[in-house]
Amino acid sequence: MPIQKKYNYLLFGNPVHHSKSPIIYKYFSHNTGLMFDYNIKQVENNMFSNVVLEFFKTYGQGANVTVPFKEEAYKLSHIVTRRAQMTHSVNVLKKLKNNIILGDNTDGIGCLYDLNRLNFIHMNQKILLIGAGGAARGIIPNLLSLNCSIDIVNRTFSRALHVASYFKKFGFIKAIRIDDLKVLNYHVVINATSAGIHQECSFFLDNTIFYPERTVFYDLFYDDKLTPFLQWYQDHGGIYYADGIGMLVSQAAYSFYLWNGIFPNVQSVINLLNKNKKYFCE
Ligand code: NDP
């Protein structure tokens, strides 16, 4: 048996205690045979840079970054990939030679991987994106790369306008007002709001006409039970839906690939995580 090197990775965020990442990476370790430590670290909001730089100065080789530090991670990185540059947000860091820290964003490619895995998305489709925060910004370039057109709606309209105007150089995207959302004539409706975290369902969809048999619903938020957004869809007759657990595993797989050059088996990990769910989602 060759002696395996031990790697050290951390997830930084606030809060992080509910994260499923440690279990995902444990499964990756099993299915690739690569041994490493993957731990979580809750960081005070003004301490992020200090803690991360110290980690990389000592034993750290790579890190994931979650809410609310993705923009700060972008600023802290010495060099960034093109997809991190496009979104101004970093969810994975890697130490290179000479202590250079590389920042990447795997949220968007992870989401696209999952939508493809589910056969939920195709070229030239019409997408309604609800939400204009960091996660929405992370996935927009990947959706536009399929030549899809995006309508973006958000509780705060000015934020949707800002996001649409920033990304319009990459493809077809426009902001629409909640009041103008009358008919849901879309192939895919994606929830990228954090409303579900509080079990809220402010999705502005109640007064809309829509055709559940023609429209797929995808929620970036995930839970062991049906999310409020997917519950709404199901209550209205929808049958094609998934939550963001597959995106979470996929973005982790791309992080793992960045660190080790090995792409783990995503489907088997999703199957294991879905076994704990109280509903059938795929
Ligand atoms: P942000 O805080 O950056 O953005 C939050 C967004 O949600 C904003 O558009 C905000 O609108 C909207 N919002 C918040 N509360 C409500 C509400 N009650 N009703 C309607 N809109 C609301 O968060 P992120 O973009 O980072 O995360 C968004 C979601 O995506 C979270 O649920 C997160 O868990 C999930 N996520 C999942 C990932 C995965 O791998 N599956 C990866 C990353 C995120 P406004 O602008 O008006 O405040």
Side-chain angles (χ1 to χ4, degrees), residues 11-21 23-25 45 64-74 83-84 87-92 104-115 117-118 120 128-140 142-143 150-164 166 175-178 181 189-206 217-224 227-230 232 241-256 266 269-270 273-274 277 281-282:
L11 167 67
F12 295 100
N14 186 1
V16 277
H17 52 281
H18 290 312
S19 171
K20 289 195 187 294
S21 292
I23 182 89
I24 291 171
Y25 283 97
N45 286 358
N64 283 130
V65 180
T66 186
V67 178
F69 299 121
K70 290 182 187 179
E71 270 183 57
E72 228 179 303
Y74 173 77
R83 54 198 184 199
T87 55
H88 284 208
S89 155
V90 156
N91 73 317
V92 49
D104 192 7
N105 188 317
T106 61
D107 282 336
I109 187 79
C111 181
L112 187 61
Y113 185 92
D114 199 42
L115 290 168
R117 179 186 69 85
L118 294 158
F120 274 8
L128 177 67
L129 179 60
I130 307 172
R137 286 203 312 275
I139 67 174
I140 288 170
N142 295 82
L143 301 175
I150 302 175
D151 285 351
I152 179 166
V153 65
N154 192 45
R155 181 175 63 179
T156 311
F157 179 63
S158 57
R159 212 169 170 198
L161 259 185
H162 180 78
V163 169
Y166 174 75
I176 54 169
R177 290 181 187 278
I178 293 169
L181 204 57
V189 177
I190 299 177
N191 177 37
T193 76
S194 48
I197 294 172
H198 311 291
Q199 292 305 309
E200 289 175 24
C201 189
S202 317
F203 301 111
F204 337 124
L205 303 179
D206 273 334
F217 268 47
Y218 188 83
D219 196 349
L220 264 54
F221 179 60
Y222 51 85
D223 203 343
D224 287 343
T227 67
F229 174 70
L230 299 180
W232 183 93
Y241 58 89
D243 73 10
I245 198 74
M247 169 177 168
L248 186 75
V249 176
S250 308
Q251 63 77 26
Y254 279 98
S255 300
F256 193 79
V266 166
V269 178
I270 294 172
L273 293 172
N274 277 342
K277 290 200 185 222
C281 70
E282 289 173 11

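Each ligand, and each atom within it, is numbered from 1 in the order the structure gives.
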Run the contact test for Gly196 against ligand 1 with a 4.0 Å cut-off on heavy atoms, strictly below, and give the result. no
So, taking the atom named CD1 in Ile176 and the one named CD1 in Ile150, what distance separates them when rounded to the nearest 0.5 Å? 12.0 Å
Which option, Gln251, Arg137, Arg155, owns the non-hydrogen atom nearest atom 48 (O) of ligand 1? Arg155
Report the member of Ile178, Thr193, Leu220 with the shortest heavy-atom distance to atom 32 (O) of ligand 1. Thr193
Given Ile139, Thr66, Asn154, identify the one with the heavy atom nearest to atom 10 (C) of ligand 1. Asn154
Quick one: which of Arg83, Arg137, Lys70 gives a side chain to side chain donor-acceptor pair (under 3.5 Å) with Asp107? Lys70
Under the side-chain contact (heavy atoms from CB on, under 4.5 Å) rule, collect the residues that match up with Ala175, sequence neighbours excluded. Ile152, Phe157, Ala160, Leu161, Ala164
What pair of heavy atoms forms the shortest contact from Asp243 to Phe221, and how long is it? CB-O, 3.4 Å
When you compare the side chain of Phe229 with that of Thr193, does any pair of heavy atoms fall below 4.5 Å? no
Which is closest to atom 47 (O) of ligand 1 by heavy-atom distance: Asn191, Asp219, Asp243, Thr156? Thr156
Less than 3.5 Å apart, any donor N or O on the side chain of Asp114 or Tyr218 sitting next to an acceptor on the other? yes
Quick check: Ala136 and ligand 1, any N/O pair under 3.5 Å apart? no
Under 4.0 Å from a heavy atom of Ala132: which atoms of ligand 1 are those, numbered in the order shown and with their elements? 9 (O)
So which of Tyr218, Phe229, Phe221 gets nearest to atom 34 (O) of ligand 1, if we judge by its closest heavy atom? Phe221
Is it true that a side-chain atom of Asn105 and a backbone atom of Ser89 form a donor plus acceptor pair closer than 3.5 Å? yes
Under 4.0 Å from a heavy atom of Gly131: give me the atoms of ligand 1 that qualify, with their elements. 9 (O)
Identify, by atom number and element, the atoms of ligand 1 in contact range of Arg159, meaning under 4.0 Å from any of its heavy atoms. 8 (C), 45 (P), 46 (O), 48 (O)
Test applied, side chain to side chain donor-acceptor pair (under 3.5 Å); reference residue, Asn91; option that passes from Asn64, Thr106, Thr66: Thr106
At less than 4.0 angstrom from any non-hydrogen atom of Tyr222, what atoms of ligand 1 do you find? 41 (N)
Evaluate Val67 for polar contact with ligand 1, using N/O atom pairs at a separation under 3.5 Å. no
Which of the atoms in ligand 1, numbered in the order shown and given with their element, are less than 4.0 Å from a heavy-atom of Gly133? 3 (O), 4 (O), 9 (O), 25 (O)
